J.: 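I have a structure here, written as structure tokens, and I will follow up with some questions on it.
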Amino acid sequence: VNIDESNGYSYHLITSPTANQTQFILPTIPRIPSKSRLFINGVKYVFGTHYNINSNIINWLFLMQIETTDIIEIEYI
């Protein structure tokens, strides 16, 4: 699900992650990855510590494993 926001951020909902998945594909390449905001089940995670973005790929770096029931949301410019 993609929504263009009037504040300049795009919103993407990642549905149906697989267990232990560590990479997620975005529909577009963020212009400023460090300004992204990633939430899993409503908890905000920190760019560079918990995840990074290379091109249009989110790389999950944190030890917490992704579960199939997790709701992953990202906002990015």
Side-chain angles (χ1 to χ4, degrees):
V1 175
N2 302 306
I3 301 172
D4 287 328
E5 307 255 345
S6 61
N7 63 4
Y9 279 81
S10 293
Y11 171 86
H12 183 66
L13 173 65
I14 298 169
T15 56
S16 305
T18 58
N20 303 320
Q21 186 173 348
T22 59
Q23 292 188 323
F24 306 92
I25 298 173
L26 294 170
T28 59
I29 297 172
R31 290 178 305 190
I32 309 171
S34 62
K35 292 195 179 255
S36 63
R37 300 181 288 224
L38 180 79
F39 300 87
I40 300 177
N41 301 324
V43 177
K44 185 178 181 184
Y45 289 88
V46 178
F47 179 86
T49 300
H50 301 116
Y51 72 99
N52 66 28
I53 300 174
N54 293 315
S55 186
N56 69 326
I57 306 291
I58 301 169
N59 298 293
W60 181 243
L61 307 172
F62 195 45
L63 294 176
M64 182 188 84
Q65 296 181 344
I66 302 296
E67 301 293 334
T68 58
T69 55
D70 287 339
I71 298 169
I72 304 168
E73 302 168 281
I74 187 162
E75 298 175 330
Y76 59 95
I77 298 175

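Model, not experiment: these values are computed from the prediction.
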J.: Would Val46 end up clustered with Ile32 when hydrophobic side chains under 4.5 Å apart are linked, directly or stepwise?
T.: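 No.
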J.: Taking all atoms of both residues into account, what is the closest heavy-atom pair of Pro30 and Ser55, and its distance?
T.: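 Residues Pro30 and Ser55, closest heavy atoms: CD-O, 3.4 Å.
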J.: Any side-chain heavy-atom pair from Phe39 and Ile71 closer than 4.5 angstrom?
T.: no
J.: A side-chain contact here means heavy atoms from C-beta on lying under 4.5 Å apart; do Ser36 and Ile53 qualify?
T.: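 Yes, at least one pair of side-chain atoms sits under 4.5 Å.
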J.: Linking Ile, Leu, Val, Met, Phe, Trp and Tyr by side-chain heavy atoms under 4.5 Å, what else ends up with Ile25?
T.: Ile57
J.: Of all the heavy-atom pairs spanning Gln21 and Gln23, show the shortest one and how long it is.
T.: NE2-O, 2.7 Å
J.: List the residues meeting ring-ring contact (aromatic ring centres under 6.0 Å, His included) with Tyr51, not counting sequence neighbours, and say none if there are none.
T.: Phe47
J.: Check whether any side-chain heavy atom of Ile74 lies under 4.5 Å from a side-chain heavy atom of Leu26, and answer yes or no.
T.: yes
J.: Please work out whether the ring planes of Tyr45 and Phe62 are parallel, tilted or perpendicular, with thresholds of 30° and 60°.
T.: tilted
J.: If you apply the rule side-chain contact (heavy atoms from CB on, under 4.5 Å), what do you find for Phe24 with Ile66, and how did you get there?
T.: CA-CA 11 Å; Phe24 306 92; Ile66 302 296; 4.0 Å; yes
J.: How long is the gap from CG on Asp70 to CD1 on Ile40, to the nearest 0.5 Å?
T.: 6.0 Å
J.: Keeping to residues at least two apart or across chains, list the salt bridge (Lys or Arg N to Asp or Glu O under 4.0 Å) pairs with something in residues 34-61.
T.: Arg37-Glu75
J.: Evaluate the side-chain proximity of Ile72 to Pro17: yes if any heavy-atom separation is below 4.5 Å, no if none is.
T.: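 Pro17 reaches Ile72 side chain to side chain.
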J.: As an exercise, state the distance from CG of Leu13 to CD of Glu73, rounded to the nearest 0.5 Å.
T.: 6.0 Å
J.: List the atom of Thr28, the atom of Asn56, and the distance in Å for their closest heavy-atom pair.
T.: O-CB, 3.7 Å
J.: Hey, does His50 have a side-chain heavy atom less than 4.5 Å from the side chain of Trp60?
T.: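 Yes, side chains in contact.
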J.: Using the rule that two of Ile, Leu, Val, Met, Phe, Trp, Tyr join whenever any of their side-chain heavy atoms come within less than 4.5 Å, decide whether Ile29 and Leu38 are in one cluster.
T.: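 Per the 4.5 Å side-chain linkage, Ile29 and Leu38 are not co-clustered.
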